[in-house]
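Below: the structure, in structure tokens.
Numbered from 1 within each chain, the chains take letters A, B, ... in sequence-line order.
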Amino acid sequence: QKEVEQNSGPLSVPEGAIASLNCTYSDRGSQSFFWYRQYSGKSPELIMSIYSNGDKEDGRFTAQLNKASQYVSLLIRDSQPSDSATYLCAVNPLRAGGGADGLTFGKGTHLIIQP
Amino acid sequence: DAGITQSPRHKVTETGTPVTLRCHQTENHRYMYWYRQDPGHGLRLIHYSYGVKDTDKGEVSDGYSVSRSKTEDFLLTLESATSSQTSVYFCAISESPEGEQFFGPGTRLTVL
């Protein structure tokens, strides 16, 4: 069974510090990886996608992927109170015969940025 | 939201009644998905579509059916709603099966 694991938190980080969110996945054939932010009562909002090993930076966000360790992380620099939300890790597993059929999500990490 | 709407946004219904949720997109994306989100379970895939009239089951498809008669609309039907189908339902779209998925605003469904 394809699984994505995240620490549910809450993860409390002081304003201005770096928030580090982690995710592991079970399907070694997974080919694309995403981080979504979800505010309470709202829909998931895509903030980062990563497809190859290494780091990808976009503004204050950096996604890191290590396929050998089956590990994805998200760093948020200069954390702001508005970053307080639930962060969802999502993995796109490879289907037998190729193609993909939807995302497998972790249950999310609740992040709190303390002013 | 990337040109995705869902209707209705809220619905309360009774056990045993049929319910249809609609997802409409203006992005002309080929792939569309229905997920449900429940406390303790996260987001789970119900059904997806890879083109007009082309659909397939996801992880939690029992009790649900879908239809896609045109690119922009993807319908999710609960033939006979049960209390276990009380959830928040999200539609998502993508240009490719491995690409980024963008979510609609969601429908909160309560089955009494």
Side-chain angles (χ1 to χ4, degrees), chain A residues 1-9 23-27 29-52 56 58 61 63 65 67 85-110, chain B residues 1-7 9-10 21 23 25 27 29-51 54-61 64 66 74 76 87-108:
Chain A
Q1 184 168 351
K2 302 163 187 173
E3 294 182 344
V4 176
E5 299 289 340
Q6 295 181 255
N7 189 320
S8 62
C23 169
T24 59
Y25 60 95
S26 63
D27 189 336
S30 299
Q31 55 186 333
S32 48
F33 307 85
F34 307 93
W35 284 99
Y36 288 83
R37 177 175 64 197
Q38 188 174 27
Y39 295 113
S40 180
K42 300 296 185 182
S43 61
E45 173 192 8
L46 180 69
I47 54 172
M48 290 291 287
S49 58
I50 187 165
Y51 298 89
S52 56
K56 179 182 178 183
D58 184 0
F61 299 99
L65 174 60
K67 289 186 177 180
T86 297
Y87 288 80
L88 307 175
C89 174
V91 173
N92 204 336
L94 182 67
R95 196 173 61 170
D101 55 1
L103 299 176
T104 299
F105 282 84
K107 294 179 182 178
T109 297
H110 183 44
Chain B
D1 299 321
I4 311 168
T5 57
Q6 292 185 232
S7 58
R9 295 293 314 278
H10 301 271
L21 309 183
C23 177
Q25 60 143 331
E27 304 297 321
H29 285 359
R30 179 180 173 187
Y31 295 84
M32 299 185 75
Y33 310 83
W34 278 107
Y35 294 88
R36 60 178 289 176
Q37 188 172 35
D38 305 288
H41 289 280
L43 278 152
R44 292 178 292 174
L45 182 68
I46 305 171
H47 279 279
Y48 66 100
S49 170
Y50 47 97
D54 292 324
T55 65
D56 206 346
K57 297 178 180 179
E59 177 189 357
V60 290
S61 59
Y64 301 94
V66 291
F74 192 31
L76 176 71
S87 188
V88 179
Y89 291 86
F90 290 105
C91 172
I93 65 173
S94 67
E95 289 188 276
S96 64
E98 70 278 6
E100 298 172 336
Q101 291 187 19
F102 300 95
F103 283 77
T107 294
R108 183 174 295 276

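Counting heavy-atom pairs closer than 4.5 Å to chain A, the top-ranked of the candidates B:Gln37, B:Gln101, B:Arg108 is B:Gln101.
Nearest heavy-atom pair, B:Leu43 versus A:Pro44, reported as atom, atom and distance to 0.1 Å: CD1-CG, 3.8 Å. The nearest pair of heavy atoms linking A:Ser43 to B:Gly104 is CB-O, 3.0 Å.
Heavy-atom contacts from other residues, nucleotides or ligands closer than 6.0 Å to NZ of A:Lys56 number more than 12. Within 6.0 Å of atom NZ in A:Lys107, 12 or fewer heavy atoms from other residues, nucleotides or ligands are found, so the atom counts as exposed in its surroundings.
The residue from B:Tyr35, B:Tyr33, B:Tyr48 that alone fulfils the side chain to side chain contact (heavy atoms under 4.5 Å, CB included) condition with A:Leu103 is B:Tyr35.
Neither the backbone nor the side chain of A:Gln6 comes within less than 4.5 Å of any heavy atom of chain B.
The line from OH of A:Tyr51 to CD of B:Glu100 is 4.5 Å long, rounded to the nearest 0.5 Å. Taking CZ of B:Phe103 as the reference point, atom CD of A:Gln38 lies at 8.5 Å (rounded to 0.5 Å).
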